[in-house]
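Scroll down for the structure; my scribbles are underneath it.
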Amino acid sequence: MNGVLESEMQSGAARNRVNRRDFLKMCGLVAAALSLPGRYAHQIADALAAAPRLPVVWLEFQDCTGDTESFLRASPVQDPLQSGKTEPQITDLLLDHISLDYHETIMVPSGLNAEKSLSDIVSAYQGQFVAIVEGSIPTADNGIYCTIGGRTALSRAQEVLPKARAVIALGSCSTDGGLAAASPNPTQAKGVNDAVPGLANLVNMPGCPANVVNLVSVIVYLITFNQLPPLDSQKRPRFAYGETIHDDCPREDHFESGRFVLAWGDEGHKKGWCLFKMGCKGPVTRNNCNIVKWNQKTNWPVEAGHPCIGCASPSFWDLQAPIYKQLANFDD
Ligand code: SF4
Ligand code: F3S
């Protein structure tokens, strides 16, 4: 198999680099991210330990590589309080339990060899591999605005995705066209659901980028329970998109009490008051950034003092703009 990072991923060092205690801790973190009771940590651990690596192909179309960047930055961090000790992260589970066999940005093969990698994997693991799609799919003029290996993104998606066990549309561009689909959408960019209709096992994970913790949680759920996690009417995992940013926002008390930031750097901003009047789209945006956070759980936009711009909302480049304009039709 022409796997990406194959030698590292299939080495014992990669797969066994954490001890059982840390492994269980990571599984507990996934259970928490999935909103499952803590007792599921052992079931997840047993399933992951027993399962062969899950073959994954990662297709990039019209994208900025933001979701790939999010994925690549999900590496372990040093715990500053315990010199030399690596604090286990949920995301450690990802590379240890999948085989990322095709990824246009980071794979070793190039040119015809890369194309061969994809066709080999799709035929060898038909119905078993997971396809992750990053970026939108242009459909104008028979899709000629994005071609890879001489073939359009549209034809590649139509050929590969129906053969996957599950398709994960990762990031807003692959869920609804994202930036490329913003008005006037000259390439008629679409998300996977519209470009390749009828995929039975499609998961939409909007966000600009999507959070890799949620990606790991979906994959771990699939390995553990042999099915996708519960989805909502827009095919989004409920555990990640069930609540709005506003629902659990630490600034929500200030919202209820009418304490708002009115200018950058004013007293309210320094005191952590609500960002609603600075354009926060948290009340209409479903995502769990406030729980999983970013950069190894360091922080997230609202905690850092910036309004949520609604990056996980449908058609957010058109519908949530201007970024700093207060939401209309929402009581304050
Ligand atoms: Fe938080 Fe934004 Fe809601 Fe204010 S409007 S409470 S900052 S999510
Ligand atoms: Fe996006 Fe809002 Fe989270 S801008 S990253 S959904 S806080």
Side-chain angles (χ1 to χ4, degrees), residues 33 63-71 73-74 91 134 169-179 182 191 204-217 232 234 236-332:
D63 71 331
C64 70
T65 330
D67 297 283
T68 291
E69 293 289 341
S70 177
F71 168 75
R73 271 152 187 69
T91 46
E134 178 178 7
L170 189 67
S172 294
C173 291
S174 61
T175 56
D176 67 10
L179 179 60
N204 280 326
M205 304 191 68
C208 193
N211 196 308
V212 73
V213 171
N214 293 330
L215 172 66
V216 175
S217 300
D232 67 12
Q234 295 181 33
R236 300 173 298 192
R238 288 185 187 279
F239 73 85
Y241 300 93
E243 308 282 340
T244 67
I245 293 287
H246 183 76
D247 286 333
D248 291 318
C249 181
R251 298 180 188 241
E252 213 265 341
D253 280 352
H254 296 302
F255 177 92
E256 293 297 337
S257 303
R259 293 187 291 268
F260 296 103
V261 179
L262 300 175
W264 303 120
D266 70 6
E267 271 310 295
H269 201 209
K270 290 174 188 166
K271 290 177 176 170
W273 289 0
C274 174
L275 295 156
F276 180 73
K277 295 194 175 183
M278 303 303 284
C280 185
K281 307 301 188 297
V284 296
T285 302
R286 291 183 173 273
N287 208 351
N288 59 352
C289 307
N290 44 355
I291 297 167
V292 295
K293 302 189 180 181
W294 292 87
N295 299 326
Q296 292 88 28
K297 251 192 152 175
T298 305
N299 211 338
W300 65 289
V302 168
E303 192 175 329
H306 195 278
C308 168
I309 65 171
C311 79
S313 290
S315 304
F316 88 99
W317 291 101
D318 286 335
L319 301 183
Q320 304 302 334
I323 287 174
Y324 298 116
K325 186 175 179 200
Q326 181 179 325
L327 273 174
N329 304 320
F330 193 87
D331 281 345
D332 63 333

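Whatever order the structure lists ligands and atoms in, that order sets their numbers, starting from 1. For the single chain, residues carry numbers from 1 onward in sequence order.
Of all the heavy atoms in Q234 and D232, the pair that sits closest is N-OD1, 2.9 Å. For the residue pair W317 and C208, the shortest heavy atom distance occurs at CZ2-SG, 4.2 Å. Shown here for C280 and V302, the closest heavy-atom pair between the two residues is SG-CG2, 4.4 Å.
Less than 2.8 Å away from atom 3 (Fe) of ligand 2, the protein contributes these N/O/S atoms: C289 SG.
Using modelled atom types, one side-chain atom of D266 and one backbone atom of A263 make a donor-acceptor pair closer than 3.5 Å.
In this pair, W273 and H254 present their aromatic rings tilted. The plane angle is within the 30 to 60° band. Ring pair F260/F276 is tilted by interplanar angle, where 30° to 60° counts as tilted.
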message = Quick one, S313 with L319, criterion side-chain contact (heavy atoms from CB on, under 4.5 Å). Give me CA distance, side-chain angles, the key distance, then yes/no.
response = CA-CA 8 Å; S313 290; L319 301 183; over 6 Å; no
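The atoms of ligand 2 that sit less than 4.0 Å from any heavy atom of G310 are 4 (S).
Between P209 and the choices D67, L215, L170, the side chain to side chain contact (heavy atoms under 4.5 Å, CB included) rule is met once, by D67.
Between the side chains of N214 and S217, no donor-acceptor pair is found at a separation under 3.5 Å.
Side-chain contact between D176 and P314: present, with at least one pair of heavy atoms (C-beta onward) separated by less than 4.5 Å.
In terms of protein heavy-atom proximity, atom 4 (S) of ligand 2 is closest to I309 N, 3.2 Å.
Protein-derived N/O/S atoms nearer than 2.8 Å to atom 1 (Fe) of ligand 1 total 1, waters excluded.
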